[in-house]
Amino acid sequence: MSERRKPYPFDLLEPKWQAVWEERRPFHAPNPGEPGFDPTRPKYYVLDMFPYPSGSGLHVGHPEGYTATDIVARYKRLCGFNVLHPIGWDAFGLPAEQYAIRTGQHPEITTRENIARFKMQLKRIGFSYDWEREISTADPDFFRWTQWIFLQIYHSWFNPETRRAEPISTYTGTDPDDVRLAFVATVPVNWCPELGTVLANEEVIDGKSEVGGFPVVKRPMRQWMLRITAFAERLIDELDPLDWPEGIKLLQRNWIGKSEGAGVDFVVAEEDTIITVFTTRPDTLYGATYMVLAPENPLVDQLTIKEQRDAIAAYRAQVSAKSDLERTDLAKEKSGVFTGAYAINPASNERIPIWIADYVLMGYGTGAIMGVPAHDERDLEFAQKFGLAILEVVQPPGDATATGCTGDGVAINSPLIDGLTTPDAKRKIAAWLEEQGLGRRTINYKLRDWLFSRQRYWGEPFPIIWRDGKHEAIAESELPLVPPPLDDFKPTGTGEPPLARAKDWVRYSEAATRELNTMPQWAGSCWYYLRFCDPGNGERFVGHEAERYWMMGPTSGAGATNEGAFPRQSPAEAPLPSAVRPGSGGVDLYVGGTEHAVLHLLYARFWHKVLFDLGHLSTAEPFQRLVNQGIILGEDGRKMSKRWGNVIDPLDVIAEYGADAFRCYEMFMGPLEQMKPWSMTGVEGVSRFLARVWRLAMEENQAGEWVLSESVAEVEPSRVQLKVIHTTIKKVSEDIEALSFNTAIAQMMIFVNAFTSPGRTASPGPGNAPVPGAGFGVSPKQSSAAGEDAESAQVRGGGTPSPAGETRALPGGDRSVPVSALRTLLVLLHPFAPHLTSELWETLGRRFPVSPNEITDQPWPEYRAEFLVEDEVEIALQVNGKVRDRVTVPITATNPELETIARNNPRVQEFIAGLAIRKVVVIPKKLVNVVAN
RNA sequence: GCCAGGGUGGCGAAAUUGGCAGACGCGCCAGACUUAGGAUCUGGUGGAGCAAUCCGUAGGGGUUCAAGUCCCCUCCCUGGUACCA
């Protein structure tokens with residue numbers, strides 16, 4: 001069987017237009033001050049989460065979000081915006097390094113090859129990226145600024161007074177190293193022996209590495225940390241005004257995990273040691289019948305009595321041998337050991353035993369808790385297992401006999417607060433504790449400081465050297481600090497990074513050596529969106545003007561400055577930096593997968609706030625509007641994977657149906673944010689739609705060449721056509737704004753159906769009844785063979801193109817396609833199917849010239865409400881809520897008139913016969929409901 | 001366990017403020033044109049019934065003239081999270 005004929009010549013016109021865009025660069029957005037920049041236009045920054053260029057190339061998940069943003073970008077350009085729509089490469093990363101370990105090929109080469117493949121694929125889909133802004137995080141011109149930003153962080157501290165990052169020079173304490181936002185600490189870290197590196201908490205899933213699924217163990221190591229916890233409060237608060245999915249905001253809030261409570265001091269009996277615990281329920285203090293320390297808590301050694309030392313030591317050894325996975329796995333059964341020591345409950349003055357147990361974590365709160373078994377499930381389980389006292393101190397509301405209340409209630413058995421409701425009791429006991437100097441109100445966060453160093457080769461080296469056991473920054477002039485050449489990228493196995501192998505590079509001077517760690521992959525993605533504003537800047541990470549323009553929009557007057565920035569005169573009265581004004585700050589639209597909800601999006605917000613505080617940026621938040629695309633499943637409804645053999649390659653789809661069909665199908669599948677399965681027949685359906693658009697304008701001549709159809713004529717659209725046109729303009733515009741691309745395409749299908757099927761809406765009335773066999777879409781050959789029908793003057797559109805052209809469609813005939821309607825459709829469809837519409841626009845312009853003749857320069861059409869209204873409307877007549885008839889009435893019909901029509905309707909009367917009418921509900925333009933019984 | 005988001009034809013899905021459920025597409029059925037059709041066009045297509053009509057938005061209750069939409073309970077699916085005191 002010969003190759004199937006293409007429904008329209010996308011295989012020719014798509015490469016043609018891609019070449020045109022390559023050459024003319026219509027999507028390049030000049031910066032303020034550059035030639036071609038138009039300051040009168042508003043800006044719109046629409047961003048994709050840039051890809052890691054993996055070896056397997058693009059899959060259909062990438063183009064889903066990319067198509068959505070491309071549609072918005074093209075739409076906004078047509079609407080008159082200066083649109084920043086860039087793409088780049090998250091190019092540092094583990095896969096290229098592991099490939100290097102296996103094959104010896106340098107990661108840089110692998111990365112370059114992968115980028116080339118990704119880029120080719122993206123271009124084949126016809127995305128309107130501004131390729132002049134392409135960046136790669138592994139490019140020294142890029143990562144020199146990643147290193148520079150690290151130095152800004154290193155040279156800063158968080159001033160609790162102003163609640164901002166400030167230059168370290170403003171710190172007046174003894175040792176600046178205690179407060180730097182980038183600091184070194186020896187901490188128990190997630191060490192992955194297989195990967196030979198440590199991982200951030202966020203990169204460990206169920207005790208295994210997120211990448212590769214290898215076991216991860218806790219191990220104390222000296223690491224670089226970033227003090228993200230200082231920003232916990234602001235990272236939560238400034239989330240509120242952002243236009244993000246509520247679910248993602250919640251995910252971040254939960255990750256940061258703010259909880260308000262009190263620190264309470266317990267004195268160890270017969271000693272003057274104080275153990276502070278954190279509790280969210282200070283009102284249950286009287287019910288604290290024991291105390292538990294984390295096994296790692298340093299106080300344990302000091303407290304443990306002689307008789308218990310062996311047991312304690314054994315338990316601690318047992319706990320430390322467990323991986324995270326085991327520790328959480330064994331969570332079902334509580335375990336612990338008594339230290340032999342006692343503490344005094346500050347409220348009741350009771351002696352309570354001090355235990356250690358692994359259900360208390362060293363990393364949260366103070367690493368010690370008060371056990372209130374009556375009102376905490378975990379404490380109860382523990383107390384029951386070890387026979388500890390249980391004392392009820394909260395009575396649940398409503399039921400005086402119930403026990404084990406973990407929610408709010410009324411305090412009992414608590415002399416200071418008896419009878420108070422939980423909120424009141426909390427307040428009173430906290431005030432009492434503060435008065436007595438026994439405690440204080442405290443806020444705790446689950447968020448930990450960000451473990452920022454990795455023992456890898458393929459990442460940004462730290463711009464840090466070590467001298468006499470102390471770290472210091474290298475000069476900015478020494479940036480970029482590029483990784484040394486290596487031919488062995490394997491982990492050393494000792495925890496020492498592979499960079500240690502580059503002996504010459506490591507030796508910085510007689511007395512100093514370089515830091516051997518590299519930054520994690522997140523580093524580049526923390527600020528790449530800023531670099532896009534000004535990718536070629538050799539002086540700064542981003543130019544002030546470019547940053548201000550693309551992140552904030554055109555500034556009005558000279559007063560537009562970074563209001564919240566350091567330095568500030570009166571820190572005492574300084575409010576938190578005001579959150580971004582809705583709709584006016586940062587990236588206007590950011591689209592990507594949910595997998596980055598707490599990692600990339602939290603880290604990037606953190607860096608952004610530091611840079612904002614230091615006066616480098618104009619907005620406090622980077623991403624104003626965030627949308628997550630849903631994942632695309634295989635045709636079998638399973639996750640796409642090699643294992644199931646259900647992976648769809650975009651290039652295969654494009655080869656068979658074209659890029660426009662691929663784009664439109666991805667958008668037509670269903671709501672962007674929803675998970676949905678792929679369907680090849682679905683692609684075919686969309687491809688048919690595009691072919692109908694093509695044939696609306698084009699027909700084949702005798703030679704089998706596509707030429708502009710004779711039926712396309714400069715005629716006025718009919719009233720019915722105008723309604724379809726303007727309904728479509730309205731729907732498509734609103735749907736693109738709302739990112740409801742599937743319904744926008746559906747409406748354009750309705751448009752095309754209306755213009756291709758005379759029987760539907762385009763030609764109403766008996767006089768325009770379709771002629772059998774003379775449908776517009778009939779192919780030329782068939783029409784010629786259609787005998788007498790072909791001779792009929794009724795035949796339009798089909799064209800019966802005789803070689804000499806004697807049989808012409810009559811201009812203005814009822815089957816004509818008005819040029820204006822076609823043009824409107826082409827502009828509306830252009831963001832979705834840019835190649836097809838560009839070609840048709842150009843072809844149309846040869847017979848019906850317009851200026852300018854570039855579809856990319858056309859204005860987005862505006863709908864006119866006057867064409868949407870109807871003269872008549874169909875009303876449903878209901879009896880007791882069931883539709884019994886429909887009548888068409890003038891739009892002007894009044895409610896009483898409608899009621900009369902309904903009452904007199906024979907069908908209605910049939911159903912209310914013998915019943916009494918109780919009520920008649922009239923909904924104008926919709927229905928009349930007669931209620932009778 | 002907890003948190004979030006979902007359950008609508010054979011399938012993907014539509015459906016302002018509660019107001020004619022199933023737009024649009026796929027698939028399927030029939031027809032037209034064809035040497036042919038996996039092309040194109042036309043018509044049909046939620047279920048049951050000859051029909052009038054009845055039943056239908058996970059299941060059960062409720063509010064209402066009217067519920068996919070609002071309220072209560074239950075079940076199922078997807079994602080996140082996991083002793084955070």
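Treat the numbers as computed from the prediction; the structure is a model and nothing was measured. Chain A is the first sequence line, chain B the second, and so forth, proteins listed ahead of strands; every chain is numbered from 1. No hydrogens, no waters, no symmetry mates; every other heavy atom, side chains included, goes into these values.
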[X]: what forms a side chain to side chain contact (heavy atoms under 4.5 Å, CB included) with it, not counting sequence neighbours?
X	answer
A:I390	A:P373, A:A374, A:L380, A:A383, A:Q384
A:P924	A:N895
A:T681	A:S679
A:F386	A:W355, A:F382, A:L388

Quick one: [X] [atom1] to [N] [atom2], roughly how many Å, whole number?
X	N	atom1	atom2	answer
A:Y657	B:rA39	OH	C1'	13 Å
A:K334	B:rC83	NZ	P	9 Å
A:D735	B:rA23	CG	P	17 Å
A:F755	B:rC24	CZ	C1'	18 Å
A:Q747	B:rA23	CD	P	14 Å
A:I745	B:rC26	CD1	C1'	14 Å
A:D283	B:rA85	CG	P	14 Å
A:M362	B:rC83	CE	C1'	16 Å

(request) Can you sort out which residues in residues 917-933 of chain A have a heavy atom within less than 4.0 Å of RNA chain B? Ascending by number, please. (result)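 Residues of residues 917-933 of chain A that come under 4.0 Å of RNA chain B are, in numerical order, A:K919, A:V921, A:I923, A:K926, A:L927, A:N929, A:V931.
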
Ring pair (Phe, Tyr, Trp, His ring centres under 6.0 Å) involving [X] - partner list, sequence neighbours excluded:
X	answer
A:Y665	A:W678
A:F751	A:F755
A:F741	none

(message) Does B:rC26 have its OP1 or OP2 closer than 4.0 Å to a side-chain nitrogen or oxygen of A:R688?
(response) yes

(message) Using OP1 and OP2 only, check whether a side-chain N or O of A:Y359 sits under 4.0 Å from B:rA85.
(response) no

[atom1]-based separation of [M] from [N] [nearest Å]:
N	M	atom1	answer
B:rC70	B:rG5	P	12 Å
B:rG6	B:rU69	P	14 Å
B:rU81	B:rU74	C1'	25 Å
B:rA39	B:rU35	C1'	15 Å
B:rA23	B:rC11	P	15 Å
B:rC26	B:rG80	C1'	33 Å

Between [options], which nucleotide gets closest to the side-chain atoms of [X]?
X	options	result
A:K882	B:rA85, B:rC54, B:rC24	B:rC54
A:T681	B:rG19, B:rC26, B:rG25	B:rC26
A:D376	B:rU81, B:rC41, B:rA85	B:rA85
A:F911	B:rC41, B:rC54, B:rU53	B:rU53

(request) Determine if the base of B:rG31 is syn or anti; take syn to mean the glycosidic torsion is within 90° of 0. (result) anti

(request) Map A:A746 and A:K730 onto RNA chain B by nearest heavy atom, then report which one ends up closer to the 5' terminus. (result)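 The 5'-side residue here is A:K730.
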
Any base atoms under 4.0 Å from [X], or only sugar-phosphate, or nothing? Heavy atoms, all strands.
X	result
A:R907	sugar-phosphate
A:G685	sugar-phosphate
A:S679	nothing
A:R884	sugar-phosphate
A:S259	sugar-phosphate

(message) As an exercise, state the distance from SG of A:C664 to CE of A:M669, rounded to the nearest 0.5 Å.
(response)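 Separation between the atoms: 13.5 Å.
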
(message) For nucleotides 1-14 of chain B, give me one character per nucleotide, 5' to 3': B if any protein heavy atom sits under 4.0 Å from the base, S if the only such contacts are to the sugar-phosphate, - if neither.
(response) --SS-------BSS

(request) Can you tell me which stems RNA chain B forms, taking runs of 3 or more consecutive Watson-Crick or G-U pairs with both distances under 3.5 Å? (result)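 Detected stem regions: B:1-7 with B:75-81, B:10-12 with B:24-26, B:27-32 with B:40-45, B:46-48 with B:53-55, B:58-62 with B:70-74.
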
(request) Tell me yes or no: between the side chains of A:T743 and A:D735, is some donor less than 3.5 Å from an acceptor? (result)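 The criterion, which ignores hydrogens and geometry beyond distance, is satisfied for A:D735 and A:T743.
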
(message) When you compare the side chains of A:N444 and A:S259, does any donor N or O come within less than 3.5 Å of an acceptor on the partner?
(response)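 Side-chain D/A pair, A:N444 to A:S259: absent.
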
(request) Mind checking salt bridge (charged side-chain N to carboxylate O under 4.0 Å, His left out) for A:E910 and listing every partner two or more places apart, or none if nothing turns up? (result)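 For A:E910 the salt bridge (charged side-chain N to carboxylate O under 4.0 Å, His left out) partners, ignoring immediate neighbours, are A:R907.
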
(request) Could you tell me which residues satisfy salt bridge (charged side-chain N to carboxylate O under 4.0 Å, His left out) with A:D408, sequence neighbours excluded, listed by chain and number? (result)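 Residues passing salt bridge (charged side-chain N to carboxylate O under 4.0 Å, His left out) with A:D408: none at all.
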
(message) Measuring only between side-chain heavy atoms, which start at C-beta, is A:E333 closer than 4.5 Å to A:K385?
(response)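 Side chain of A:E333 against side chain of A:K385, heavy atoms only: contact under 4.5 Å found.
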
(message) Does any part of the side chain of A:L696, heavy atoms only, come nearer than 4.5 Å to the side chain of A:L825, both counted from C-beta?
(response) yes

